[in-house]
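Per chain, numbering begins at 1; letters A, B, ... match sequence-line order.
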Protein chains: 2
Amino acid sequence: MDRFLSHATNRIDAKGRVSVPASFRGVLAKLDIRELYCFQDFVFPAISAGGPELLDRFERQIAGEDPFSPQANEMSLLIHGGGVFMKLDQEGRLMVSDFIRDFTGITDEVTFVGRADHFQLWAPQVFQEAQAAARQERRLRGLRPG
Amino acid sequence: MDRFLSHATNRIDAKGRVSVPASFRGVLAKLDIRELYCFQDFVFPAISAGGPELLDRFERQIAGEDPFSPQANEMSLLIHGGGVFMKLDQEGRLMVSDFIRDFTGITDEVTFVGRADHFQLWAPQVFQEAQAAARQERRLRGLRPG
DNA sequence: TGGGACCATATGGGGGTCAATGGGATTTGG
DNA sequence: CCAAATCCCATTGACCCCCATATGGTCCCA
């Protein structure tokens, strides 16, 4: 597998760590990603995580604008100020910091959600509801799959 | 790490000092920056800090304009009149002067915010609000990553 | 076909290391 | 000579390396 798919929920231990699903770790290994760039998602209350090239992509987008413009400044505030590099420990776990908890509402469990070229960290219940809402909206618009 | 990333909040002690996050100090060491050039941000109520070459860059931009133009005059007023050099003490702390407090509203805690080639000092709550506003604006514009 | 060996993943916790913080002592500058 | 800044040392707590245990699934063989 070469992309992040499906979702899984894992428990946070007493030290505040959580295991990244093995299938996701496999993708990370395959893409040779050793450090995760994590940032606060622009739409959902979730943390998005992917390789450093995610940040590169954002920075290229900024570079296209006037560097002194308020738009560029705002964008930097989000992707630099709102982003972190994180490392997994030897067992493939990551620390669930306040940076993550405050933004997502995560307390004792994390739902990992695959998004092809990156994955996300959600509070389980929030994810369920967002998914249900998305399904509902799709139904209303008549955009059924198949 | 070769650039300033993420954010962290530290407490100001009884003597008015605050620790610069270790990850930021690591970047400073890597770039061999011993003295910080600090100035009042052009957009947000925050103090920006970086190496002396930041000032050089501003001065080069001024040099490119008519030296007697209102723009050049204004720019100089901001980067010269609104800028200072600061040093860290042996433990990597800096004094939070009135220069910083008055402009940012900082009282007893400082949020350090990475901005790639420099970092900023914010009042924690002001930063939270500015970031939320930036995210909201981005959402309205419909600019998704990728 | 059912039981059990085997394996991979998730989880728990000890202990060392380093960063953040607090405060006394000394120097510096006005 | 006084106030503020800096040096130096101590304490606390968070994070990370390392090893141990639990849990669930698969495969093989009787």
Report task. Using the six-membered ring of A:Phe42, assess whether NZ or CZ of B:Arg138 lies under 6.0 Å from its centre and within 45 degrees of the ring axis. Result -> yes
**Report entry** Terminal axes of the helix from C:dT1-D:dA30 to C:dG30-D:dC1 (five pairs each): angle between them, nearest 10 degrees
**Finding:** 20°
Atom pairs and distances, donor-acceptor, side-chain atoms in residues 15-28 of chain B, under 3.5 Å, two or more places apart:
from    : atom 1 : to      : atom 2 : distance (Å)
B:Arg17 : NE     : B:Asp13 : OD2    : 2.8
B:Arg17 : NH2    : B:Asp13 : OD2    : 2.9
B:Arg25 : NH1    : B:Val20 : O      : 2.7

Requested in this report: Give a yes or no on whether the backbone of B:Gly92 and the side-chain of B:Asp89 come within a donor-acceptor separation of less than 3.5 Å.
Outcome: yes
Query raised in the report: If the sugar-phosphate is the primed atoms plus P, OP1 and OP2 and the base is the rest, what is the B/S/- string for nucleotides 5-11 of chain C, using protein heavy atoms under 4.0 Å?
Result: ----SSB
Requested in this report: Kindly write out the residues that satisfy ring pair (Phe, Tyr, Trp, His ring centres under 6.0 Å) with B:Phe85, not counting sequence neighbours, or none if the list is empty.
Outcome: B:Tyr37
Requested in this report: Please identify each residue that fulfils ring pair (Phe, Tyr, Trp, His ring centres under 6.0 Å) with A:His7, with sequence neighbours left out.
Outcome: A:Phe127
Report task. Could you list the residues that satisfy side chain to side chain contact (heavy atoms under 4.5 Å, CB included) with A:Ser97, not counting sequence neighbours? Result -> A:Phe99, A:Ile100
Please output the side-chain donor-acceptor pairs of residues 67-76 of chain A that fall under 3.5 Å, not counting sequence neighbours, one pair per line with the distance.
from    : atom 1 : to       : atom 2 : distance (Å)
A:Ser69 : OG     : A:Asp66  : O      : 2.9
A:Ser69 : OG     : A:Ala72  : N      : 3.1
A:Asn73 : OD1    : B:Arg115 : NH1    : 3.4
A:Asn73 : OD1    : B:Arg115 : NH2    : 2.3
A:Ser76 : OG     : A:His80  : ND1    : 2.9
A:Ser76 : OG     : B:Arg115 : NE     : 2.7
A:Ser76 : OG     : B:Arg115 : NH2    : 3.4

Query - Residues in side chain to side chain contact (heavy atoms under 4.5 Å, CB included) contact with B:Gln90, at least two apart in sequence or another chain - result: none
Requested in this report: With sequence neighbours left out, write down each residue that passes ring pair (Phe, Tyr, Trp, His ring centres under 6.0 Å) with A:Phe103, or none if nothing qualifies.
Outcome: none
Report task. Indicate, with yes or no, if the rings of A:Phe112 and A:Phe4 have centres closer together than 6.0 Å. Result -> no
Query - B:Glu35 atom CD, over 12 foreign heavy atoms within 6.0 Å - result: yes
For nucleotides 3-6 of chain D, which of its nitrogen or oxygen atoms have a protein nitrogen or oxygen under 3.5 Å away, and what is each distance?
from  : atom 1 : to      : atom 2 : distance (Å)
D:dT6 : O4     : B:Lys15 : NZ     : 3.1

**Report entry** Within residues 99-124 of chain B: residues closer than 4.0 Å to DNA chain D (heavy atoms)
**Finding:** none
Query - Spacing of B:Leu88 atom CG relative to C:dT21 atom P, expressed in whole Å - result: 14 Å
Query raised in the report: Looking at residues at least two apart in the chain, or sitting in another chain, which of them share a side-chain hydrogen bond (donor to acceptor under 3.5 Å, both in side chains) with B:Asp102?
Result: none
